[in-house]
Amino acid sequence: MFFMSAMCIKAHVCCVYLCERQREILGKVLKNMQKHVNVTEFILLGLSDTRELQVVLFTLFFLAYTMVLLGNLLIIVTVRTDPKLSSPMYFLLCNLSFLDICGTSVTVPRMLVDLLSHRKAIVFEGCIAQLFFLHFVGSSEMFLLAVMAYDRYTAICKPLHYTAIMSRWACWLLVCSCWAGGFLHSITQTWLTIQLPFCGPNTIDSYFCDVQPVIRLACADIYLTQWLMASNSGLISLGCFLLLLTSYTLLLLSLRGRLTQGHCKALSTCASHLLVVTLFFLPCIFIYLRPPCTFPFDKYVCVIYTILSPLMNPLIYTLRNNEVKESMQRLWKCCSVF
C-alpha cells in the first residue's frame with residue numbers, strides 16, 4: 001500500500017514536472033513565433049515609380065476599369081431584361097460578365113489608389129483577402145469559359161439534343177460547379193500561404209498580392225510549397241485551355257466540308273471566342289505553370305489577364321452578336337422614352 005502511494009506521488013510529481021516543462025516550451029515557442037512573424041503589412045511597388053508615368057497609367061486604367069464595369073453591366077441588364085435572350089449561351093455570358101466585374105474589382109481599384117499614393121502599403125489580412133478572391137474569381141472564370149466552349153460545341157454539333165443537354169437545371173449545375181471549383185482551388189492556395197511564417201522583407205514587386213510574390217517573402221523553405229501551388233494553378237490553367245482547344249478543334253472538324261452561311265457565322269464567332277480565350281489563358285499559363293522563379297516583367301504580363309481580357313470580353317461576345325446589339329437598341333429606346 002505504501003509502495004503504491006509512493007508510486008502515485010512520483011507519478012503526480014512527474015506529471016506536474018512534465019506540465020511545467022510543456023508550459024515552458026510552449027511559452028518559448030510562442031515567444032519565438034511572435035519574434036518570427038512580425039510582418040503586419042506589405043509594400044506594393046506597383047507598375048512604375050515615376051510620378052508622370054503613374055498619372056498616365058491612372059488615367060488609362062481608370063478609363064479601362066470604367067469601360068469594364070459599364071460594358072459588363074450593360075450585358076447583364078440586357079440579358080436579364082430581354083426574354084429573347086433566354087438561351088443557355090446568354091445565361092453563361094451573363095455569368096461571365098459578372099465574373100469579369102468581380103475580377104477587375106479585386107485588383108484595379110487598389111491599383112488606382114496606389115498610383116496616386118506615395119506609400120503603397122496593404123495590411124497582411126487585406127493582402128491575403130485579395131489573394132483569395134483573385135484566385136477564386138480567376139479559376140471560376142477558367143471553368144466557366146470551358147463550359148461556354150462545351151455549350152457552343154453542343155449547339156453547333158448536336159443541335160437536336162441541345163435543349164435537352166443544356167437545360168436550365170444543367171446550366172445552373174454547371175455554373176455552381178464552376179464557382180465551387182474556384183472556391184476549392186482558392187482556399188487551397190490561401191491555406192498554403194497562411195501556413196508560412198513572414199518575418200521580413202515585406203516588399204512585393206507587383207501591383208497586387210498574388211501567391212508567388214507573397215510566398216517568396218516567407219522565412220522558410222518554400223520549394224515544396226512553390227511546386228504544389230504551381231501544379232495547382234498551372235495545371236488548372238493548362239487543363240482548361242487544352243479542353244477549350246479540343247472543343248474548338250472538334251467544332252472546326254465537324255464544320256469542315258459543310259460551310260453554309262450559318263456555319264460560317266458560327267465559325268467566325270468561335271474564332272473570336274478563341275482569341276479571347278487565348279488572351280486570357282496564355283498569360284496565366286506563363287505566370288503559374290513554370291518552375292519557381294520570377295521575372296521583372298511578370299507584373300506587366302498580369303495586366304493582360306486582370307485588365308485587358310475583361311475589357312475585351314464585352315467587345316468580342318456582344319459586338320459580333322446581332323441579337324445582343326438589337327436587344328441593346330431596344331433597351332436604349334425604352335430608357336429614352338422614360
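Just so it is clear, the model here is predicted, and its values are computed rather than measured.
- Using a 30° and 60° split on the angle between ring planes, W227 and Y223 fall in the perpendicular class, above 60°.
- Using the six-membered ring where Trp is involved, F198 and F42 have ring planes that are perpendicular, over 60° apart on the 30 and 60° scheme.
- For W172 and F91, the ring centers sit closer than 6.0 Å to each other.
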Note to self: Please evaluate residues K299 and F208 with respect to the criterion side chain to side chain contact (heavy atoms under 4.5 Å, CB included), reporting the C-alpha separation (whole Å), side-chain torsions for both, the decisive distance (0.1 Å), and the verdict.
What the structure shows: CA-CA 9 Å; K299 56 186 177 182; F208 65 96; over 6 Å; no

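- Taking hydrophobic clusters as Ile, Leu, Val, Met, Phe, Trp and Tyr residues chained together by side-chain heavy-atom distances below 4.5 Å, L145 does not share a cluster with L184.
- Other residues, nucleotides and ligands place more than 12 heavy atoms under 6.0 Å from the OH atom of Y162.
- Annotation: the span from R168 atom CZ to S86 atom OG amounts to 7.0 Å, rounded to 0.5 Å.
- Taking the six-membered ring for Trp and the full ring otherwise, the centers of H135 and Y288 sit less than 6.0 Å from each other.
- Under a 3.5 Å cut-off, the side chain of T50 and the backbone N or O of E52 do not form any donor-acceptor pair.
- The backbone N or O of K120 lies less than 3.5 Å from no partner atom in the side chain of S117, so there is not a single donor-acceptor pair.
- Taking hydrophobic clusters as Ile, Leu, Val, Met, Phe, Trp and Tyr residues chained together by side-chain heavy-atom distances below 4.5 Å, Y248 shares a cluster with L238.
- In this structure, T225 and L196 have side chains that are in contact, with non-hydrogen atoms separated by less than 4.5 Å.
- Here the closest heavy-atom approach between residue I165 and residue K158 is recorded as CD1-CD, 4.5 Å.
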Checklist line | I128/T190 under side chain to side chain contact (heavy atoms under 4.5 Å, CB included): CA gap, chis, key distance, verdict | finding: CA-CA 7 Å; I128 297 300; T190 306; 3.6 Å; yes

Item checked: Residue pair S105, L69: steps toward the side chain to side chain contact (heavy atoms under 4.5 Å, CB included) verdict -> CA-CA 9 Å; S105 299; L69 293 181; 4.3 Å; yes

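- Between the side chain of S247 and the main chain of A149, a donor-acceptor pair closer than 3.5 Å is present.
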Margin query: Apply side chain to side chain contact (heavy atoms under 4.5 Å, CB included) to residues E41 and I122 and explain how you reach the verdict.
Written below: CA-CA 5 Å; E41 64 179 14; I122 181 171; over 6 Å; no

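- Residue pairs that meet the disulfide (SG to SG under 2.5 Å) test with at least one member in residues 97-136, sequence neighbours left out, are C127-C209.
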